[in-house]
Amino acid sequence: MERRLVSDAEAVHAHIIKTGAYVDLFVMTFLVNVYAQCGAMAAARKVFDYLPKRNVVAWTTLITGHVHNSEPELAIQVYLEMLEAGSYPTNFTLGIALNACSSLQSLELGKQIHAYIVKYQIEHDTSIGNALCSLYSKFGDLDYAVKTFRCIAEKNVISWTAVISAFGENGEAASGLSFFSEMLWENVEPNEFTLTSVLSLCCTVMSLSLGKQVHSLSIKRGYQLNLPVRNSVMYLYLKCGLVNEAYKLFNEIESSSLVTWNAIIAGHVQIMDLAFDNLSAYQGGTRALEIFLRMIHSGLKPDLFTFSSVLTLCGKLVAQEQGEQIHAQTIKTGFLSDVVVGTALVNMYSKCGSIRGASKAFVEMSTRTLISWTTMITNLALHGKTQQALQLFEDMRLVGVRPNQITFVGVLAACGHSLMVDEALNYFEMMQKEYRIKPVMNHFELLVDMFVMSGRLGEAFDLIKKMDYEPNEFIWLALLTGARIRGNLDLGLYAAEQLIKLGPRDSEICISLLRMYRAAERWIDMSHVEKLMREEQLLKLGEWSWICIKGKVYSFEPNELSCPDNNNMEMCTLLEHLLGQAKTLGYEFSGSSELVDNEDANVSSRIHQSEEFAIAFGLLNTPNAAPIQIIKNTSMCRNCHDFIKCLSILTARKIVIQDRKRLHKFVDGKCSCGDFWGLL
DNA sequence: CTAGGGTTAG
């Protein structure tokens with residue numbers, strides 16, 4: 001609704017006085033509402049205080065005004081004042097009072113009001129039931145929210161919308177969608193609120209086909225110009241990869257709101273995960289940064305949604321410089337005190353390679369949620385800080401925060417870094433016995449990896465057979481590689497067979513298969529895989545690295561040192577020079593890049609991996625002591641890894657590389673990954 | 001004269 005102007009309210013007020021209508025209770029209650037709707041609560045209260053008489057509608061109007069103007073404490077105060085004055089609340093009053101309870105985050109007060117409702121046996125009333133449903137949903141009690149919904153005698157659109165969004169709020173999007181079909185089955189017409197909510201659920205479950213149906217339904221119902229509906233559709237399309245459709249909607253939205261901008265930025269950040277080997281996804285990241293700057297330029301003020309997304313973006317672009325600028329802005333605007341923004345900040349520093357910055361941000365948070373703790377634990381694990389991660393996990397339990405599945409993924413990853421298999425198994429048991437958490441695929445992946453890495457192939461295989469999930473390619477690949485290295489050909493070939501059944505998706509998997517078959521002298525299988533690589537065009541993942549300097553992203557491809565062109569002459573010279581120096585430190589080119597696995601490879605035609613160019617570019621374009629921060633879409637090879645360890649000594653720079661699988665932080669000749677980076 | 005749903009973030 002359009003926000004009214006105070007001057008309009010005053011004009012109405014003057015008119016009422018002139019005509020003498022101020023003696024009329026109905027008219028004056030209307031005036032209270034008018035003042036409330038333009039945010040002038042002091043004036044609203046003054047009019048209320050001069051009312052000739054007070055009835056429950058007048059009280060309710062005042063309470064509603066306070067709730068809508070984000071003054072829930074005052075709303076409850078007035079509600080109590082009303083009870084003291086001897087007025088009985090109606091279903092309208094109780095509904096808005098329950099609303100005040102959820103903004104106040106006071107479940108206690110909500111329960112008191114609920115008790116009153118039960119006492120007078122009015123929980124079947126539609127408006128009361130609706131309010132109760134959304135109250136319990138906001139407090140995370142989905143079961144109770146559904147229960148109250150079921151209690152409603154005559155369910156209307158609002159009841160259905162309330163329960164559908166309750167599922168969304170509590171991470172049960174799929175069930176929410178089945179309630180939507182139940183609603184249609186009952187012939188209840190969805191409105192723009194329902195459709196927006198449902199579109200958001202489609203987005204969560206990434207169901208483009210259903211989303212498209214809902215989109216056309218919303219057009220059929222005449223909501224194609226409704227802004228929230230359009231925002232949701234745009235976000236859905238973007239997140240599902242229909243970038244052009246999303247842009248079209250974005251450009252068509254004339255009075256784009258902050259939510260529109262936030263959604264398009266967030267969507268870009270989301271699709272960066274969609275295709276790691278896709279350059280355009282990363283260009284999407286750059287574009288998101290540009291859109292953010294454009295938004296600022298247009299005079300819109302970023303809010304907590306903007307800041308959370310953009311901080312995540314900076315983490316994904318490994319763009320610490322930008323991240324620090326955003327950090328400063330969150331301080332200036334006060335949004336840093338928001339727990340989601342704080343958590344995003346922790347994540348940003350860590351992903352940029354600064355675990356100290358992350359710890360500092362974490363310690364300085366005034367409140368922490370489960371997600372904040374989990375973020376910090378997972379990131380400590382990412383940096384190879386096993387003991388600190390496990391200690392933080394204990395701290396978290398000590399302050400009474402209950403871990404979830406993802407927390408345990410972080411804990412197991414921390415154990416994995418130090419190959420603490422038995423400790424990991426203890427935590428795995430704790431998760432199931434003490435916390436009744438069902439293991440997910442990630443847990444099995446980490447455990448299998450750990451077993452394999454420590455040579456306990458039998459236990460790895462037993463675990464694979466025991467788990468409730470179909471083993472995925474990661475699992476089989478880990479087993480295959482471990483078996484090959486340990487010379488267990490039977491097990492390795494079995495894993496290879498399973499991988500073939502899954503249909504290898506990329507060249508890294510194919511290369512592992514080739515190695516396995518070569519070790520087992522299975523020449524026919526080898527040629528089969530080679531054929532597959534040719535036919536499916538899996539021969540080589542396009543390989544890139546990126547570096548972000550001053551908000552601009554530069555990308556690099558691998559190249560031969562022997563054929564510099566004008567663009568890379570300076571970089572090639574620098575690399576050549578550093579290569580020579582590295583040799584004096586004992587660096588030796590092993591002759592074969594693991595990715596290429598080419599027996600003909602020899603020292604004279606050493607190929608520079610893309611990250612080396614990115615590093616050279618960084619060295620030439622950043623100040624002396626600045627860290628070099630890079631992203632790479634494939635896994636690093638060992639050869640490059642050795643070279644970059646030397647570079648960290650030679651250049652006295654911190655070098656951070658986020659590759660396809662993990663974070664490498666090179667300082668003084670050492671890497672945080674501990675030199676084994678899994679078996680992929 | 002008063003209400004009860006919605007979009008974007010970690």
Side-chain angles (χ1 to χ4, degrees), chain A residues 24-34 36 51 55-65 67-68 89-99 125-135 137 152 155-166 168-169 190-201 203 223 226-236 238-239 257-267 269-270 302-313 315 335 338-348 365 368-372 374-376 378 406:
Chain A
D24 187 322
L25 180 59
F26 280 23
V27 171
M28 292 311 271
T29 305
F30 173 76
L31 185 62
V32 171
N33 194 33
V34 173
L51 287 179
N55 66 6
V56 68
V57 176
W59 283 107
T60 307
T61 306
L62 187 62
I63 295 169
T64 304
V67 172
H68 288 171
T90 64
N91 51 354
F92 284 67
T93 326
L94 293 165
I96 195 70
L98 287 170
N99 225 350
D125 177 85
T126 310
S127 38
I128 287 178
N130 295 347
L132 280 172
C133 179
S134 53
L135 177 88
S137 165
I152 300 170
K155 301 174 185 66
N156 61 13
V157 211
I158 298 172
S159 323
W160 283 99
T161 309
V163 77
I164 287 168
S165 38
E169 278 164 12
N191 62 15
E192 71 269 42
F193 290 89
T194 327
L195 294 166
T196 309
S197 216
V198 170
L199 283 163
S200 156
L201 298 186
C203 197
Y223 298 119
N226 177 273
L227 192 55
V229 168
R230 301 191 71 147
N231 289 339
S232 313
V233 173
M234 181 191 78
Y235 186 64
L236 173 82
L238 189 54
K239 214 179 146 186
S257 63
L258 182 56
V259 178
T260 312
W261 288 89
N262 286 346
I264 196 121
I265 293 169
V269 179
Q270 298 273 338
D303 68 356
L304 62 171
F305 285 90
T306 330
F307 283 128
S308 324
S309 289
V310 176
L311 284 170
T312 307
L313 177 64
F335 283 111
D338 179 81
V339 68
V340 180
V341 174
T343 308
L345 188 69
V346 169
N347 192 46
M348 184 278 289
M365 289 174 80
R368 295 170 195 93
T369 61
L370 165 65
I371 300 179
S372 324
T374 301
T375 300
M376 193 64 225
T378 307
I406 304 166

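Below, all heavy atoms of this structure are taken into account, side chains as well, without hydrogens, waters or symmetry copies. Residue numbers begin at 1 in each chain, while the letters A, B, ... track the order of the sequences.
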Undergrad: Is there side-chain contact between A:T64 and A:T60, with at least one heavy-atom pair below 4.5 Å?
TA: yes
Undergrad: Does the side chain of A:N226 reach to within under 4.5 Å of the side chain of A:L195, using non-hydrogen atoms?
TA: no
Undergrad: Is there a side-chain contact between A:P228 and A:E192, using heavy atoms and a 4.5 Å cut-off?
TA: no
Undergrad: Could you state the CZ-P distance from A:F305 to B:dA9, rounded to the nearest angstrom?
TA: 7 Å
Undergrad: Please report, rounded to the nearest Å, how far the C1' atom of B:dT8 is from the CZ atom of A:F307.
TA: 15 Å
Undergrad: Kindly compute the distance separating OG1 (A:T61) from CZ (A:F30), expressed to the nearest 0.5 Å.
TA: 11.0 Å
Undergrad: Starting at the 5' end of nucleotides 1-6 of chain B, put B wherever the base has a protein heavy atom under 4.0 Å, S where only the sugar-phosphate does, and a dash everywhere else.
TA: BBBBBB
Undergrad: For A:V269, answer base if it contacts any base atom (sugar-phosphate contacts may also be present), sugar-phosphate if it contacts only those atoms, and nothing otherwise; contact means non-hydrogen atoms under 4.0 Å.
TA: nothing
Undergrad: Please state how far atom CG in A:L311 lies from atom C1' in B:dG10, giving the value in whole angstrom units.
TA: 10 Å
Undergrad: For A:L98 versus A:A131, what's the shortest heavy-atom pair and its separation?
TA: CD1-CB, 3.8 Å
Undergrad: Can you check the A:M365 CE to B:dG10 C1' distance for me, whole Å?
TA: 9 Å
Undergrad: Decide yes or no for A:V233 and A:L199: does some side-chain heavy atom of the first lie under 4.5 Å from some side-chain heavy atom of the second?
TA: yes
Undergrad: Phosphate oxygens OP1/OP2 of B:dA9: is one of them under 4.0 Å from a side-chain N or O of A:Q270?
TA: yes
